[in-house]
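To start, the structure under review is shown below, and the notes come after it.
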Protein chains: 2
Amino acid sequence: MIELRGIGRDYASGDATVHALSDVDLEIETGEMLTLLGPSGSGKSTLLHLLGCLDRPTHGSYHLLGRDVSRLDRNQLAAVRGEQIGFVFQRFHLMPRSTALENVALPLRFAGVGARERRARAADLLRRVGLEDRRHHRPAELSGGQQQRVAIARALAADPPLILADEPTGNLDSQVGGEIVDLLLELHSEGRTVVVITHDEGLAARTERTVRLLDGRVFADERVAPD
Amino acid sequence: MIELRGIGRDYASGDATVHALSDVDLEIETGEMLTLLGPSGSGKSTLLHLLGCLDRPTHGSYHLLGRDVSRLDRNQLAAVRGEQIGFVFQRFHLMPRSTALENVALPLRFAGVGARERRARAADLLRRVGLEDRRHHRPAELSGGQQQRVAIARALAADPPLILADEPTGNLDSQVGGEIVDLLLELHSEGRTVVVITHDEGLAARTERTVRLLDGRVFADERVAPD
Ligand SMILES: Nc1ncnc2c1ncn2[C@@H]1O[C@H](COP(=O)(O)OP(=O)(O)OP(=O)(O)O)[C@@H](O)[C@H]1O
Ligand SMILES: Nc1ncnc2c1ncn2[C@@H]1O[C@H](COP(=O)(O)OP(=O)(O)OP(=O)(O)O)[C@@H](O)[C@H]1O
Ligand SMILES: [Mg+2]
Ligand SMILES: [Mg+2]
């Protein structure tokens with residue numbers, strides 16, 4: 001489903017260059033779940049944004065579902081992002097003037113789903129992340145962990161086959177965080193491809209594959225034998 | 001140093017009321033360090049904002065260093081916030097058009113410190129959190145964990161006697177997170193009063209006192225016997 005070859009991502013910084021990613025080769029099969037770990041600044045979010053078609057690499061190629069992403073035009077890219085990929089951002093990126101319900105329903109508007117169906121599905125997702133009673137709150141009226149859960153629910157709204165989550169439990173206590181992990185594992189068991197950036201070694205141990213970055217490079221790629 | 005009596009904080013939400021905090025009594029001695037834990041949405045950030053004089057309670061009283069905070073005028077409050085308190089926000093709140101160095105130096109501008117001294121101190125703090133080579137980056141050019149560390153360095157810039165940190169390691173891997181924890185413990189050992197919101201039970205176990213919130217109320221207040 002995903003093939004990265006020789007991926008590099010550079011940033012200009014004054015007259016120096018930051019090599020956020022270098023020489024990354026990565027293949028992810030349809031239906032696979034992997035955790036992505038590494039020190040702060042090692043390139044995880046950068047890699048996830050490339051996978052999510054939210055950024056372009058400086059070097060290398062990215063094939064998604066057999067298509068070379070660099071050859072897709074703007075409309076095709078927007079369709080991929082809207083329909084194929086659910087992205088949970090590390091900084092949430094919720095719309096500040098919309099309620100939790102409206103934020104979660106937004107991907108369904110792009111998918112052309114009717115208003116009543118959108119609201120029902122959004123309410124259902126918010127219930128799944130424990131926020132039904134906060135659905136009419138705006139982001140500023142939510143705790144950090146509640147905002148994070150709204151971002152998670154939004155990523156799942158269009159029922160995408162590929163879920164990319166950037167530290168989805170970073171602001172959650174262990175109970176609520178555990179419920180989110182269970183939700184991600186459940187989505188995986190339903191056949192979705194799931195990539196989760198985390199610092200939680202416990203979560204890494206529960207997934208069948210863990211990729212570790214160090215200074216922008218793949219440092220380890222560990223597969224656990226299935227039980 | 002800190003006395004909260006009968007503290008409540010309500011929010012209007014539609015025609016309902018959210019009781020974010022209710023009946024909170026809390027005393028914190030000068031030089032004490034405590035961790036503040038509780039489920040997502042239990043009122044931790046609300047309590048920290050009240051302690052930091054960034055918000056006013058709906059009910060109850062707050063005495064800080066012997067003074068009733070509700071009786072301070074705007075200038076006195078600004079002075080308290082600028083000179084007495086270092087606050088690390090859960091969502092960082094960095095100035096997007098300023099570099100890491102400028103962000104960290106900002107509290108020192110308010111304190112009237114000269115430009116050269118400000119830059120030297122800010123660079124030193126960024127070195128302490130491992131970001132010297134990123135000091136000229138703007139927040140958008142930093143990883144999530146790097147932004148968090150800039151927020152931490154900024155809170156320490158004016159060398160405040162009271163440090164309030166809202167989940168300062170939520171975006172950090174265990175190594176860098178451990179360095180931040182060591183830094184906070186070191187600041188405490190130098191005599192500062194430190195309150196840290198965390199979900200990390202390991203950190204809670206290392207501090208002499210842990211207060212736990214549940215649904216806006218103090219659920220537990222545990223002191224560990226000193227070794
Ligand atoms: N402006 C507001 N209007 C209405 N409700 C609010 C507002 N701000 C916060 N709340 C509610 O107050 C409660 C406490 O929020 P707070 O941010 O203090 O929680 P928290 O313990 O820090 O949670 P987390 O661990 O998720 O960061 C939450 O249930 C939240 O929905
Ligand atoms: N626009 C930019 N300009 C310059 N450098 C950048 C830019 N964006 C990111 N970087 C650098 O690229 C590196 C990788 O960043 P990235 O956000 O991918 O790290 P990360 O692994 O997600 O870290 P964290 O765990 O702290 O979230 C960092 O060192 C960061 O400073
Ligand atoms: Mg990141
Ligand atoms: Mg909070």
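The analysis underlying the following values was restricted to heavy atoms, covering all of them including side chains, and did not include hydrogens, waters or symmetry mates. The structure displayed is predicted, hence computed values, not measured ones. Just so we're on the same page: letters track the sequence lines, and every chain starts at 1.
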Filtered by a 4.5 Å non-hydrogen cutoff, the part of residues 12-28 of chain B contacting chain A is B/S13, B/V18
Does one side chain, of B/S40 or A/D173, offer a donor that lies under 3.5 Å from an acceptor on the other?
no
From CG (B/L34) to CD (B/E222), nearest 0.5 Å:
11.0 Å
Residues of residues 139-146 of chain A with any heavy atom under 4.5 Å of a heavy atom in chain B
A/S143, A/G144, A/G145, A/Q146
Taking NZ, NE, NH1 and NH2 as the nitrogens, is one of them in B/E132 or B/R149 under 4.0 Å from a carboxylate oxygen of the other?
no
Quick one: which of A/R91, A/H136, A/E201 has the most heavy-atom pairs under 4.5 Å with chain B, could you say?
A/R91
Listed partners of B/R192 passing side chain to side chain donor-acceptor pair (under 3.5 Å), at least two apart:
B/D159, B/E190
Rounded to the nearest 0.5 Å, how far does CD1 of A/I163 lie from CG of A/L187?
4.5 Å
Could you have a look at A/E167, A/H199, A/Q90 and say which one has the most heavy-atom pairs with chain B under 4.5 angstrom?
A/H199
Rounded distance (nearest 0.5 Å) linking atom CZ of B/R128 with atom CG of B/L183:
5.0 Å
Parallel, tilted or perpendicular: which one describes the rings of A/F89 and A/F87, with boundaries at 30° and 60°?
tilted
Residues two or more places apart in sequence or in another chain: which of them pass side chain to side chain donor-acceptor pair (under 3.5 Å) with B/H59?
B/D10
Could you tell me which of B/N171, B/L131, B/D133 has the largest number of non-hydrogen atom pairs under 4.5 Å with chain A?
B/N171
Testing the 3.5 Å rule here: is there a donor-acceptor pair between the side chains of B/T207 and B/T35?
yes
Whatever's closer than 4.5 Å to a heavy atom in chain A on B/Q148 counts as neither
Does A/D221 offer a backbone N or O that forms a donor-acceptor pair with the side chain of A/R209 under 3.5 Å?
no
Does the structure place the NZ or CZ of B/R9 under 6.0 Å from the centre of the six-membered ring of B/Y11, at an angle of no more than 45° from the ring's axis?
yes
Tell me whether B/D124 is salt-bridged to B/R121, with the criterion being a basic N under 4.0 Å from an acidic carboxylate O.
no
Shorter than 4.5 Å, heavy atoms on both sides: which option in B/L37, B/L172, B/D166 has the most such pairs with chain A?
B/L172
